[in-house]
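To find a chain, count down the sequence lines: A is the first, B the second, and so on, and within it residues start at 1.
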Protein chains: 2
Amino acid sequence: MAKFSKTENCKNCIDCNNRIPMLSILSKQELTELNESRFEVKFKTGETIFKQGTSATHLLILTTGLAKLYVEGVQDKQLIIRIIKPWEIIGQASLYFDNRHHYSIAALDNTTACFIEIDAFKKVIQTNPLFAEEFIKNCTQKGIFSFEKMVSLSQKQMHGRIADGLIYLASKVYEDLNFDLHLSRQDVADLTGMSKDSAIRILKEFHNEGIIDLDGRKLKILNSKQLERISETG
Amino acid sequence: MAKFSKTENCKNCIDCNNRIPMLSILSKQELTELNESRFEVKFKTGETIFKQGTSATHLLILTTGLAKLYVEGVQDKQLIIRIIKPWEIIGQASLYFDNRHHYSIAALDNTTACFIEIDAFKKVIQTNPLFAEEFIKNCTQKGIFSFEKMVSLSQKQMHGRIADGLIYLASKVYEDLNFDLHLSRQDVADLTGMSKDSAIRILKEFHNEGIIDLDGRKLKILNSKQLERISETG
DNA sequence: AATTCAAATCGATATTTATCAGTCTTTTAC
DNA sequence: GTAAAAGACTGATAAATATCGATTTGAATT
């Protein structure tokens, strides 16, 4: 199970200054307050970090590893909204609604997560308008991302959705055309809204057509132009 | 075309106090400032209020009528995100991103829209943290709504999606089981992510099964329990 | 009332996607 | 090192959904 720990890479919130642009707005005192409410927990691959429906008391920042953020849909199906990387602030959705988590987060990797008390965070929002503004910026960007995702999920067919998924992973998550996929085939399916079998089929097709090179979880995008084209034509 | 006007129901922002809970947080002076930047425009049914891709200079509040908020997807298809009612603040998504509209808004009715300058609004956010907090609340709720919509669009089949659409219209838009639909059949399809023909078919099916009573645009939900059941089972 | 045009409708068909059953591979557990 | 389990894969089939063509309806206009 997860256990408490102090890691080298995140000794206190003041260090996070450089890594999380949003926090650099805060005064030393505000950072200190956040730091006092925070603690770190390590998770093993596959472990659940947040569980949808449970009460939301803390925000989350990964300091190492990757995680998937997903909502639990109909008949135990998961819909992966996005992949979480270190130094993003997670859990905003539940901040002001009903203090419940509206999605689950599970580690895709051995990860370290830093938890910050929601109340401490709210206090900073209330007292530092520039920080609040930055937070709004963050929320609205996620809103726009949501729109794009909805279009992809509802209007594109499988090839287009897989293309969108691959482009997302390469450009936003791994920031490289060549990466070691942390997602299982089922995860890829849950990210693109199709059955596992269909996801496997399309990936294989892309592989056979020379658009990607896929061997197990080693993935390389060979023809990103064509991937873009497939994404656009749906 | 749309023309300038002063209407009885919205003489100035101070009156909006009662109607828009968020604005009641503002001081008289802040309201006055918003009021000075604002103007009203009337739109006829079908007219475009915001067009996706154009530059975003104003926020929007409908004072009369209804409108659809939609994104332009692949191959000229529309995806209706939600229906706009009077006294909601619209346009947040573009506030802090790239000053472009990321969706379009079109009148479903003869509507009156009040435009508020984005800069005036931003200023209030920067100076009034409680207002900023309220704004964040608003954004995060929309985020949660987005998740539900994504699940509906990607994991439910047509019956479930139409059920979701009808429940949404009855509970959130018209707040009545019995209403005069402002949406065309194509709009219903765009709201639920399917072809027009399919939407017509499912609606007819629901009608034949006694779940709804549908005559042209007069719609009455007869069995909302079953509609809920259909929504849940997908 | 006749005309016109857009919206709504419906049956037949084609396409897309999921499901299922079975095999193969890789990792995990003892 | 071997057994077991989980994940990956594949072809065949079934189910869901879109598309197409042809009417019909209804509202708006002459």
Exercise. Do B:T64 and B:T111 have side-chain atoms, one donor and one acceptor, less than 3.5 Å apart?
Worked result: no

For this session: Over all heavy atoms of both residues, which pair between A:Q155 and B:K77 is shortest? Give the atoms and the distance, please.
Result: NE2-CB, 3.5 Å

Distances for protein N/O vs nucleotides 9-14 of chain D N/O pairs under 3.5 angstrom?
residue: D:dC9; atom: OP2; partner: A:R185; partner atom: NE; Å: 2.6
residue: D:dC9; atom: OP2; partner: A:R185; partner atom: NH2; Å: 3.1
residue: D:dT10; atom: O4; partner: A:D197; partner atom: OD2; Å: 3.0
residue: D:dG11; atom: N7; partner: A:R201; partner atom: NH1; Å: 3.2
residue: D:dG11; atom: O6; partner: A:R201; partner atom: NH2; Å: 3.3

Exercise. Roughly how many Å is it from CD1 in A:I230 to C1' in C:dT16, rounded to a whole number?
Worked result: 16 Å

For this session: Looking only at non-hydrogen atoms, find the nearest pair between B:L227 and B:A163 and report the distance.
Result: O-CB, 3.6 Å

Exercise. Are OP1 or OP2 of D:dT17 and a side-chain N or O of B:S198 less than 4.0 angstrom apart?
Worked result: no

Exercise. Looking at B:R217, does any N or O in its side chain come under 4.0 Å of the phosphate oxygens OP1/OP2 on D:dG26?
Worked result: no

For this session: Measure the distance from NE2 on A:H159 to C1' on C:dT17 and round it to the nearest whole Å.
Result: 11 Å

Exercise. Can you tell which of A:T45, A:D187, A:D109 makes a side-chain hydrogen bond (donor to acceptor under 3.5 Å, both in side chains) with A:H182?
Worked result: A:D109

For this session: Starting at atom NE2 of B:H182, determine the distance to atom P of C:dA7, rounded to an integer number of angstrom.
Result: 17 Å

Exercise. Between A:I202 (CD1) and C:dT15 (C1'), how many Å, whole number?
Worked result: 13 Å

Problem set entry | Rounded distance (Å) that lies between atom C1' of C:dT19 and atom CD of B:Q157 | 12 Å

Exercise. In whole angstroms, how far is the P atom of D:dA16 from the CD atom of B:Q155?
Worked result: 16 Å

Exercise. B:M194 has an atom CE; how far is it from atom C1' of C:dA8, in whole Å?
Worked result: 16 Å

Exercise. To the nearest angstrom, how far is A:D215 atom CG from D:dG7 atom P?
Worked result: 19 Å

Exercise. Under 30°, 30 to 60°, or over 60°: which ring-plane class applies to A:F115 and A:H58, parallel, tilted or perpendicular?
Worked result: perpendicular

Exercise. With respect to B:E72, which candidate in B:H102, B:K51, B:Q78 satisfies the side-chain hydrogen bond (donor to acceptor under 3.5 Å, both in side chains) definition?
Worked result: B:K51

For this session: Just compare D:dA16, C:dT17, D:dT19 and give me whichever is closest to any side-chain atom of B:S195.
Result: D:dT19

Problem set entry | B:K85 and B:E175 ion-paired at < 4.0 Å | yes

